[in-house]
Protein chains: 2
Amino acid sequence: MTLEEAIKSSKFKDQRHKALIHIMYAAYQVKTNINQLLKNYALTGEQYNILRILKGSHPTPLCVKDIASRLIERNSNVPRIADRLEIKKLVKRFPSPEDRRETLIQITPAGLNLLDAATQAMEAEHQHIANLTEAEAAQLNQLLAQMLQD
Amino acid sequence: MTLEEAIKSSKFKDQRHKALIHIMYAAYQVKTNINQLLKNYALTGEQYNILRILKGSHPTPLCVKDIASRLIERNSNVPRIADRLEIKKLVKRFPSPEDRRETLIQITPAGLNLLDAATQAMEAEHQHIANLTEAEAAQLNQLLAQMLQD
DNA sequence: TATAATTACATGTATATACATATATTGTTC
DNA sequence: GAACAATATATGTATATACATGTAATTATA
C-alpha cells in the first residue's frame with residue numbers, strides 16, 4: 001500500500017513535507033512487521049533490542065545507562081523492560097561492585113538462545129521487508145543522514 | 001548526530017539492514033521534535049493528527065472507524081484519544097442518527113483555533129527538520145515507496 | 001571531612017500502543 | 001420475523017513512551 005492509500009490523503013505541502021510523513025509511515029510498517037515476527041518468540045521490539053545490546057557486550061554486563069545510550073528510543077524505560085526480561089530469566093541483574101548506584105545487567109544462556117533464534121528469523125524478514133538493491137539502500141541511507149544533519 | 005553515533009554501533013549486515021534501522025531512527029527524531037513542539041499547545045502527536053483529520057472533513061463529523069482509517073498508526077485507540085480531546089472541549093461527540101452503533105466526532109471552534117496555531121508552528125518546524133532540497137525529498141519519497149511496495 | 005551537588009536507578013502518573021473481549025446495533029438468512 | 005452473523009465502539013490488560021520525582025551512592029567543594 002502506498003502512503004497516499006494508507007492515510008487516504010495526498011495533500012502534502014511539498015515533497016519535504018511528504019517525506020516526513022513517509023518516514024513515519026515506513027517506520028511504522030517496519031516496526032509492525034518486526035513486532036509480529038517477534039511475537040513468535042514472546043518478545044517485544046524493545047525487549048529484543050535490549051537483548052541484542054547485551055549480547056554485543058557479552059559476557060561483560062552493562063549498566064542501565066549504557067543500555068539506554070545504545071537504544072534509538074532513549075526514553076524507553078530500561079529498568080522496567082529489564083524487569084520483564086528478568087521474569088522470563090532472559091537476563092540477570094545485580095548491583096555493580098564498583099559503583100553501587102549502578103545495576104549491571106547480563107544476558108543469560110537462555111536469553112542468548114532465544115535471541116539467536118529470533119535474530120535468524122529477523123534477518124530473513126529484513127530481506128523481505130526492504131525491497132531495495134544495495135545501491136538504492138545506500139542512497140536512502142545517504143539521504144536520511146543528510147536530512148538529519150543540522 | 002549520525003545513526004552510528006546515536007546507537008553507538010556501526011555493525012550492519014548490509015546497506016539494506018542499515019536502511020531499516022536508519023528509518024526507525026529518523027522517524028523517532030522527527031516524532032520527538034514534533035512532540036516537543038506540540039507540548040506548547042498541550043497536544044500529543046496523536047491528538048494533533050486526529051484534530052487534523054477532523055478539520056479535513058469539517059463541518060462534517062467523522063465516525064471512529066473513519067478516523068482510524070486515516071491514521072498511520074492504526075492501532076491507536078481512537079475512542080480514548082477522543083476522550084481526552086473531548087475533556088479539553090476540542091471535539092464533541094454524539095451518536096450517529098443513521099447508525100446508532102457509530103459515534104460521530106466533530107472538531108469544535110476551539111479545536112480549530114488550537115489546531116491552526118499548532119499547524120502554523122508545525123510548518124515552520126518541518127522546514128527546519130527536513131534538511132533536503134525538493135529534488136532530494138522527491139528522491140527519498142521514491143525510495144521509500146519502492147521499499148514498501150508489495 | 002561535612003555539606004552540597006551530581007549521578008544512577010527506581011518508581012509514579014499520564015498517554016499511547018497492541019490486542020482481546022464485551023455490548024449494542026445492524027444486516028442476513030431461514 | 002426470529003435466530004444468527006457481522007459491524008462499531010467501548011473497555012480491560014499488558015507493555016511501552018514521556019517525563020517528573022524520590023532515594024541511595026558517589027563526587028566535588030568549602
Side-chain angles (χ1 to χ4, degrees), chain A residues 24-25 27-51 61-88 90-91 93-105, chain B residues 24-25 27-51 61-88 90-91 93-105:
Chain A
M24 292 192 286
Y25 175 63
Y28 177 72
Q29 294 295 108
V30 171
K31 265 198 183 178
T32 300
N33 203 305
I34 285 174
N35 285 339
Q36 281 300 323
L37 184 130
L38 288 176
K39 280 177 69 175
N40 298 323
Y41 304 91
L43 290 173
T44 65
E46 284 305 280
Q47 289 173 12
Y48 174 81
N49 287 338
I50 288 180
L51 288 180
L62 289 177
C63 70
V64 168
K65 73 175 193 316
D66 287 342
I67 294 171
S69 75
R70 287 169 171 76
L71 287 172
I72 287 178
E73 317 217 346
R74 290 303 160 75
N75 284 314
S76 293
N77 214 321
V78 175
R80 275 185 281 225
I81 299 175
D83 287 346
R84 284 156 205 140
L85 292 171
E86 196 177 24
I87 287 167
K88 293 189 277 192
L90 303 174
V91 305
R93 208 159 22 169
F94 46 92
S96 165
E98 283 153 29
D99 182 340
R100 284 181 309 173
R101 290 172 301 182
E102 292 183 350
T103 299
L104 295 178
I105 301 175
Chain B
M24 292 193 285
Y25 175 64
Y28 177 71
Q29 294 295 109
V30 171
K31 264 197 184 178
T32 300
N33 203 306
I34 285 174
N35 286 339
Q36 280 300 322
L37 184 131
L38 288 175
K39 281 178 68 174
N40 298 324
Y41 305 91
L43 290 174
T44 65
E46 285 305 279
Q47 289 174 11
Y48 174 80
N49 288 337
I50 288 181
L51 288 181
L62 290 177
C63 70
V64 169
K65 74 174 192 317
D66 288 341
I67 294 171
S69 75
R70 288 168 170 77
L71 287 171
I72 287 179
E73 317 217 346
R74 290 302 161 73
N75 284 314
S76 292
N77 213 320
V78 175
R80 274 185 283 225
I81 299 175
D83 287 346
R84 285 157 203 138
L85 292 171
E86 196 177 24
I87 288 167
K88 293 190 276 191
L90 303 175
V91 304
R93 208 160 21 171
F94 46 92
S96 166
E98 282 153 29
D99 183 339
R100 282 182 310 175
R101 290 172 301 182
E102 292 183 351
T103 298
L104 296 178
I105 301 176

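Values below: all heavy atoms of this structure, side chains included; hydrogens, waters and symmetry mates excluded. Convention: sequence-line order gives letters A, B, ...; per-chain numbering from 1.
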Can you measure B/E102 atom CD to D/dT7 atom C1' for me and round it to whole angstrom units? 9 Å
So, does A/R70 use its side chain to make a donor-acceptor pair with the main chain of A/D66 at under 3.5 Å? yes
NA contact type, B/K31, heavy-atom cut-off 4.0 Å: base, sugar-phosphate, or nothing? nothing
Any residue in residues 66-84 of chain B with a heavy atom nearer than 4.0 angstrom to DNA chain D? Just list them by number, or reply none. B/N77, B/P79, B/R80
Do B/L51 and B/Y41 pass the side chain to side chain contact (heavy atoms under 4.5 Å, CB included) test, and can you show the C-alpha distance, the side-chain angles, and the key distance before you say yes or no? CA-CA 13 Å; B/L51 288 181; B/Y41 305 91; over 6 Å; no
Taking only Lys NZ, Arg NE, NH1 and NH2, and the carboxylate oxygens of Asp or Glu, determine whether A/E73 and B/K31 approach each other closer than 4.0 Å. no
Round to the nearest Å and state the distance from A/N49 atom CG to D/dA16 atom C1'. 12 Å
Quick check on C/dA18: is either OP1 or OP2 less than 4.0 Å from any side-chain nitrogen or oxygen of A/Y28? yes
Between A/C63 and A/T32, which residue's closest nucleotide on DNA chain C lies nearer the 5′ terminus? A/C63
In Å, rounded to the nearest 0.5 Å, how long is the span from CG of B/D83 to NZ of B/K88? 12.0 Å
Between A/I105 and A/L62, does the side chain to side chain contact (heavy atoms under 4.5 Å, CB included) criterion hold? Intermediate values first, please. CA-CA 5 Å; A/I105 301 175; A/L62 289 177; 5.8 Å; no
Find the distance A/L38:CG to C/dT17:P and express it as a whole number of Å. 19 Å
Reference residue A/N49; test side-chain contact (heavy atoms from CB on, under 4.5 Å); the match among A/I34, A/I67, A/L71, A/L43: A/L71
Expressed as a whole number of angstroms, how long is the span from A/E46:CD to C/dA18:P? 12 Å
Separation of A/S96 OG from A/R101 CZ (nearest 0.5 Å): 10.0 Å
Between B/R93 (side chain) and B/E86 (backbone), is there a donor-acceptor pair under 3.5 Å? no
Rounded to the nearest angstrom, tell me the gap between atom CD1 in A/I34 and atom C1' in D/dT15. 17 Å
Below 4.0 Å: OP1/OP2 of D/dA8 and any side-chain N or O of B/R93: no
OP1, OP2 of D/dA14 versus side-chain N and O of A/Q47: anything below 4.0 Å? no
Give the B/S/- string for nucleotides 21-28 of chain D, one per nucleotide from 5' to 3', where a protein heavy atom under 4.0 Å of the base yields B, of only the sugar-phosphate yields S, and otherwise -. ----BS--
Round to a whole Å and report the spacing from CG of A/L43 to C1' of D/dT15. 13 Å
Please report the distance, rounded to the nearest Å, between CE in A/M24 and C1' in C/dA16. 15 Å
So, does A/Y48 use its side chain to make a donor-acceptor pair with the main chain of A/N35 at under 3.5 Å? no
DNA chain D: B/K39 or A/T44, which has the more 5' nearest nucleotide? A/T44
Measure CG/B/N35 against C1'/C/dA14 and give the value in whole Å, please. 14 Å
Side chain to side chain contact (heavy atoms under 4.5 Å, CB included) evaluation trace for A/L85 with A/I50: CA-CA 9 Å; A/L85 292 171; A/I50 288 180; 3.8 Å; yes
Would you say A/T103 reaches C/dA8's phosphate, i.e. side-chain N/O to OP1/OP2 under 4.0 Å? no
